[in-house]
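Take a look at the structure set out below.
Heads up: numbering here begins at 1 and tracks the sequence. As the structure lists them, so they are numbered: ligands from 1, and atoms in each ligand from 1. Keep in mind it's a predicted model, so treat the numbers as computed, not measured.
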Amino acid sequence: MGIVIGVFSAKGGVGKSLVATNLGAVFAAGHHFPTALIDLNAGLGASDLLLDLEPERCWSDLLPVTAELAPQHLNLATTQHDSGLHLLACPEFPDAQANLTRESLAALCTAFRQEYALTLLDVPTGMGVINVAAFHLVDMRLILLTPDAPALRATQRYANSLSKNEKPVGLVLNQYGRGAPVSPKEIESHLGGRLYATLPVDQSAVWANVSYGQPCALKQRRGLGRALRGLSKTVLKVAKRSEYWDHNGQLSD
Ligand SMILES: Nc1ncnc2c1ncn2[C@@H]1O[C@H](COP(=O)(O)OP(=O)(O)OP(=O)(O)O)[C@@H](O)[C@H]1O
Ligand SMILES: [Mg+2]
């Protein structure tokens, strides 16, 4: 059985999609782990652009069959990236979000757990029904934030309002650079948890990633690419501690 990892944030634009696509590509590269990414941002998601894919199907196509999801449904609905990552893209129109219920998301998570070692959810920002449902349905949560007081306070309120249980929560600090108003140590002490990773501001890596759809974690030896690979190793270590995760393997170097 595989695990589902949700990528969340209290504030928008902190790097969820960048991190989710890069983690997915690193996990899948070399075919070490069957990996999928579900972009839950109806109409507004850009995972396809970040991966330079042109998906013909999306999660809306699976909603009529959630009661009987079989591996061939997942195969037909996903689009494969060169790394081996399977993307279940978001629908084109934002109003499709209303069709995604807690029950259908739960069915998707169950089906993907059976088929993939690792499934990442790129979860929209906010505290809507689906966001809260995703927070409870996933097996591991990554919460992204940036090093500034508004993000820190929003993250604290966000984390406090979502009930806690024993599922792992990893904080990821993104866009950290010289002169940042809040340090990683301050963030850890304020939020009461260890950071899984501190990812640097790296405009050129991000622009190359966005322009050419090539995940920087697969392309760039240093900087953001290296930090993202470090995060993937930490996430994998936590996944391996999950009692029902039964996949073996190592990440490519
Ligand atoms: N480490 C980084 N260095 C430089 N730019 C970054 C970094 N991380 C993200 N960005 C930029 O920040 C912007 C937001 O990133 P991204 O779309 O991944 O965030 P998001 O949390 O998914 O946003 P949304 O809430 O809209 O879904 C993008 O323009 C991205 O290229
Ligand atoms: Mg996004």
Pairwise ring-ring contact (aromatic ring centres under 6.0 Å, His included) hits with a residue in residues 211-233, at least two apart: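 Every candidate ring-ring contact (aromatic ring centres under 6.0 Å, His included) pair involving residues 211-233 fails, so no pair, neighbours aside, qualifies.
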
Pairs flagged by ring-ring contact (aromatic ring centres under 6.0 Å, His included) wherever residues 34-89 is involved - sequence neighbours left out: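 Passing the test, one end in residues 34-89: His86-Tyr116.
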
Under 3.5 Å donor-acceptor, Asn174 side chain and Thr146 backbone: no

Whether Gln97 side chain and Leu40 backbone form a donor-acceptor pair below 3.5 Å: yes

Enumerate, one pair per line, all nitrogen or oxygen atoms of ligand 1 lying under 3.5 Å from a protein nitrogen or oxygen, stating the separation to 0.1 Å; write 'none' if no such pair exists.
from	atom 1	to	atom 2	distance (Å)
ligand 1	1 (N)	Asn174	OD1	2.9
ligand 1	1 (N)	Pro200	O	2.9
ligand 1	3 (N)	Asp202	N	3.0
ligand 1	8 (N)	Asn174	ND2	2.9
ligand 1	18 (O)	Ser17	N	3.3
ligand 1	18 (O)	Leu18	N	2.9
ligand 1	19 (O)	Gly15	N	2.9
ligand 1	21 (O)	Val14	N	3.1
ligand 1	21 (O)	Gly15	N	3.0
ligand 1	21 (O)	Lys16	N	2.9
ligand 1	21 (O)	Lys16	NZ	2.9
ligand 1	22 (O)	Lys16	N	3.4
ligand 1	22 (O)	Ser17	N	2.9
ligand 1	22 (O)	Ser17	OG	2.9
ligand 1	23 (O)	Gly13	N	3.1
ligand 1	25 (O)	Gly13	N	2.9
ligand 1	25 (O)	Lys16	NZ	2.9
ligand 1	25 (O)	Thr125	OG1	3.1

Linked, directly or transitively: Leu152 and Val201 (ILVMFWY side chains, under 4.5 Å):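 Leu152 does not cluster with Val201.
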
Residues Leu162, Met127; criterion side-chain contact (heavy atoms from CB on, under 4.5 Å); working and verdict: CA-CA 9 Å; Leu162 291 160; Met127 292 287 286; 3.9 Å; yes

Side chain to side chain, Phe27 and His32, heavy atoms closer than 4.5 Å: no

Check: Val235 and Met140 side chains under 4.5 Å, non-hydrogen atoms: yes

Within less than 2.8 Å of the Mg ion (ligand 2): protein N, O or S atom count: 1

Ring geometry between Tyr158 and Phe135 (parallel below 30°, tilted from 30 to 60°, perpendicular above 60°):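 Judged by the thresholds at 30° and 60°, the geometry between Phe135 and Tyr158 is perpendicular.
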
